[in-house]
Amino acid sequence: MKTRYSPRSYIELWSWLFAALTLFVLLAGAVLLLKDSVLVWKHEGTEILTGKEWFYRSETFGAAAMIYGTLIVAVLALLIAAPLGIGAAICTVEYLPARWRMVIKTMIEMLAGIPSVVYGLLGILILRNWIYQLFEDFEILSGDTLLTAGILLGVMILPTVMTLADDALSGVARAQRIAARGLGLNATDTIFSVSLPQALPGLIAALLLALGRAMGETIAVFLVIGRQDNQWPGELFSLRPLVESGQTLSSKLGGAEINIAYGQPLHWSAMVGLSFLLLLLVVGLTLLGLWIREHSKHTSYDK
Amino acid sequence: MKRTTVFLNIFLNVFLSSLLVLLLHSCGDAPSQQGQVLKINGSTTVNLAVAEAAEVMRQQTGKTIHVDTQGGSSGGISMLGEGLVHLGMSSKPLTQKDREAFPQCDFHQIHIGDDAVALIVSKDIWQAGVRSITKREMQAIYEGRIKNWQKLGGPDQRIAFFNKEPGRGTWEVFAKWLYGSIDAVPQVSFPEVGGNEETRNKVASTRGALSQLSSSWADSKTVFPLSIENDAGEIIRASAENIASYRYPMSRPLYLLSDGEPQGDVKEFVSFMFSDKGQNLVRKHGYLALADLSK
Amino acid sequence: MSQPLFQIRDLEILQTTGDKKSLLAPLNLEIQKQEVFGVIGPSGAGKSSFLKCLNRLIDLSAGLSVRGDIKFEGQSIYQGSIDADTLRVQIGMLFQQPVIFPKSILANVLFAVKHLALAPKSEWHDIAQRALTQAALWDEVKDRLSQPAQQLSVGQQQRLCLARTLATGCEVLLMDEPTSALDPNSTEAIEQLILELKQTHSIVIVTHNINQAQRVCDRLGFIGLRDGMGTLLAQGTLRELMTQRENVAEIDAYLRTTESIRLDT
Amino acid sequence: MTNREKSHTKNPSKSDSKSRRKRRLIHELMRLFTGFCVLLSCCLLLGIVSFIVIRGLGALSVDFLTGVMAEVGASGGILYQLLGTLLLLLTAAVVVIPLALGCALVQSVFLTREAHRRNITLVLYLLNGVPSIVFGIVGMIVFVQWFGWGKSWLAGGILLGLMILPTVCVTLIERIQAVPKKYIEAARGLGLSRAQTIRSVILPQSIGGLFTGLLLGLARAAGETAPIMFTATIFSGATLPSGVKESPVLSLPYHIFILAQDSYDPATKAKLWGSALVLIFLVFLLSLLALPARLRIHEEANHL
């Protein structure tokens, strides 16, 4: 790439400089995380992924329960946000007049602007009590559950899903819709036969990107999940753990333990290791989402 | 067209000059040497009185005093140990282990008042008649051997135990009372709570709830402090007298921590905490002032 | 003659946004069955919008509303309780650019049949073959029906669109400048098809090309711009239109800009 | 021929109308469902906002906005929290603008190979996905430990700037790509160099995208707690910083976060909701400021 290329102007030099700086900062960040967590990789090996116990006082650092919590909460959030967000996007793109679309889109994006700490407040004050009353019959211990966190997160990522789904759907050429309508299909037939199949890769990518968002969310989850360590479910496919407290990677990182860890090399590197795992999970999902989108571009019809 | 060029130039200038400022400042001396900023960090319990004292000091002297509560008591200890702050706040006595973790730091404990850790329950448990608890019972709950209030003469209700986050002074005082030393505490996992208001809120809104909380926050309206029944069968309330006389087993001193003898701004602040005004702030937030203790 | 195919009464297209002006002045027209009716005129006069009124595809254009009425085989399509989607099955449409769905050739032909459940699955193959044959495409694609339709040339794609429309069994075809995106050979093929389909279908075609109009149309309507509105200024055979040339300045101006034609061929 | 051809539509007219009824029903159900989705989403927004307004409006006053916090949040105002948040946002903007301009120009103008462009986009997407707490941890390692800044407003501003870089950059790239090719070709045809073309054609046409993206990004940054809680903000005592090292600020999100966990006095609660209301108002203001530009882009896209 560097061959025979010499920047020809001040503005060009400047652009390259800042683009390079961005890349450098990113790489440096990732490398730093890795470097600072070397101790724990050496100490635990793969145990950090598979170990179900995290007891920092006996230097046992297994993140499996937190990874489980992270995934469950994110999937719950998606189960709520996906139908709602895609449904709303279908309505605004396919059924409502264009001028309405911008109004609703803007409103929903404002939902995205509500700070997560405010969501957390609402979670503590309203949602956890609702959950507590709703599931009273299951003798749940408190309103701090994976489900509470999942629902709260679902509302929080709803705008992300909706905005990206909106983009995916409105990316389907209008001519395609008109052609289908011209053949006598009604608006809904058109959605199922033209819009959705063509927007599918975009929709899947949207969901994966939203899933990544959900996994990274800290403050709101922190306040309603209960922060109970080592909640590895007895049965992997039982629903019971959903109404019990748990811990996610991000709620662990947002908690007090990071301050205890500060100054104690192994414990600190374990905490940094957790953030590296979190980063890895989210980056993996993002890459998968983008790959699906890119990959299907070649098979789908352009223009 | 021209506008954009102008914009870009202005922008570049602003950016470059801010870079310059940044560099200059990073080279400058740390404020700790200049003694301009007094930084305090630590226990959320101690924070209430200290933060308000800092407000008064700021107005009186015009000094800059930063107060933060990151990581609770152990956050205060470790940040003082690392030299990141000038005063730590701690709601538990320092242990040998704490001192060993930061050998470079000459910890001084400055006793500014007293408080106690109460074991609080939700309204339903209180109204069902559970008023006291023994150490043995609490151990059984902590180790998961007792899971229902029936065993404690309460209703048939699961015990929803919220454990204070490790690192909080409250938790360490509790752990020391229960097991003698923190190292002897068994490894358990319960739902955790952090701040005092979070604890109070969650206990108040959960049936069968039990948690540790600074006694000054136990308002007996939303959450209720249990008395402790000692081995002799005496039932000891977390009352002011019992805390002052250390009869209540989880009484705890509240400390400011300094590195070496307090000097300069640190000394000034500590003196303020010892003054009537400072001690009144300790009282205002529900703690026992030093004068109350010597009674 | 029996009942006209389309009986258009005071049809008017209005903008609902902005200055709310009228795009198409009130228009009265009758289009007969089994004829090829051409709509000609300068671009921007609202020919396409007019065409879209005939199968109510205009409903999908934001910011436009329609006043007046059209009777299709004696039945009002704007005032009655007619289902616009059902109407569009009966009145097929071909667009300027061929719009191919990103599916196989077969799936494209059977698109409406499948999604509208017009025929049981057992008949699908016959329908596809018949439609493709009618569109003169069968021989070219019969060996690669399951291949992506995007691989076809633009001319073939337009014929595929025609086949797709014919597969619904529609009786009326609306064509919006169907050859303007095509090369001369493909254009000729489409024109040939129009002449054949005339036997079985009624066709309304919007065209830019007066020569094409002469080749395929039985009657013509001229929509010109007058006072900033599209207005039906004349109708009849091409010869009748030419005789109006002296009376109607817009027709004269239009014909001057198009290539000269020889009427006697 | 006509009859034969029509047979498959006309003949089984009964089953035809049955399928039509079924499709009609699905259509109505679908409209109902998606309409419900929109309604629910909007209700959620209105519900959340009105809840906060109802609780927080009482605390709102000029004194609240211009006063200094007193009695550990139970009285006084949030002046320095507000100023701190604004300072963080300003810093983030200053940090992100050159980076975004650089990345966007490189991506859409200077890079000629499609594969390279895709790589930049990929990096932006990845950056967009990085959890905000990870920014906090990395910031703690870099700025607090390594640079020895302690808590500093600059660290917070840089982290927030990096966090919103993808939003700003992608919006800008979209605008640059929307500049009609013919303008660029005309400019080059007039003999302008590439740099001159950028300055005289591309940037004037697309600079709006930078501001739109910036406003949207800042709206997100304003509410973030996780990246700044370890690196830039403290609970009380800071005013406006006079340096970089050991110069924390107060901020609204952190203020709310701490008070939500530790508010002794009931009077603090009202102030807490007041702070939340101010924060939301700030965020909405930023998104609304970006709205006209976005609407215009939308209209243009529709007319093309």
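Just so it is clear: chains get the letters A, B, ... in the order the sequence lines come, proteins before strands, and each one is counted from 1. Side chains are part of it too, since the values below use all heavy atoms of this structure and drop only hydrogens, waters and symmetry mates. Not measured: the values here are computed from a predicted model.
Contacts between Leu87(C) and chain A at a heavy-atom distance below 4.5 Å are absent for every atom of the residue. Proximity to chain A involves both the backbone and the side chain of Leu60(C), based on heavy atoms less than 4.5 angstrom apart. If you measure heavy-atom distances from Arg174(A) to chain C, the contacts under 4.5 Å come from the side chain alone. Lys52(C) does not touch chain A: none of its heavy atoms, backbone or side chain, sits under 4.5 Å away. Within the 4.5 angstrom heavy-atom criterion, only side-chain atoms of Asp189(A), from C-beta onward, approach chain C.
The two residues Ala180(A) and Phe111(C) have their closest heavy-atom pair at CB-CE2, 4.0 Å. Here the closest heavy-atom approach between residue Phe101(C) and residue Ala179(A) is recorded as CZ-CB, 4.1 Å. In this structure, Gln198(A) and Pro102(C) approach most closely via the heavy-atom pair NE2-CD, 3.2 Å. Between Gly184(A) and Arg88(C), the shortest heavy-atom distance links the atoms CA-CB, 3.8 Å.
Leu185(A) contributes atom CG, which lies 11.0 Å from atom NZ of Lys114(C) (distance to the nearest 0.5 angstrom).
Residues forming a ring-ring contact (aromatic ring centres under 6.0 Å, His included) with Phe72(C) (at least two apart in sequence, or on another chain): Phe6(C). Scanning for ring-ring contact (aromatic ring centres under 6.0 Å, His included) contacts around Trp291(A) gives His295(A), with sequence neighbours left out.
Counting non-hydrogen atoms of neighbouring residues, nucleotides and ligands closer than 6.0 angstrom, the CD atom of Gln75(C) reaches no more than 12 such neighbours. Surrounding NZ of Lys71(C) are at most 12 heavy atoms belonging to other residues, nucleotides or ligands under 6.0 Å away. The number of heavy atoms from other shown groups lying within 6.0 Å of CZ (Arg67(C)) does not exceed 12.
The candidate with the highest count of non-hydrogen atom pairs below 4.5 Å against chain C, out of Ser193(A), Gly182(A), Ala187(A), is Ser193(A).
When side chains are defined from C-beta on, Val99(C) does not count as touching Ile178(A), because their heavy atoms never get closer than 4.5 Å.
We find that Asp85(C) and Arg181(A) are joined by a salt bridge, their nearest charged nitrogen and carboxylate oxygen being less than 4.0 Å apart.
Gln176(A) contributes a side-chain N or O that, together with a main-chain N or O of Ile100(C), makes up a donor-acceptor pair within less than 3.5 Å.
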Could you walk me through whether Leu183(A) and Arg164(C) pass side chain to side chain contact (heavy atoms under 4.5 Å, CB included), step by step?
CA-CA 8 Å; Leu183(A) 285 169; Arg164(C) 190 171 68 192; 3.7 Å; yes

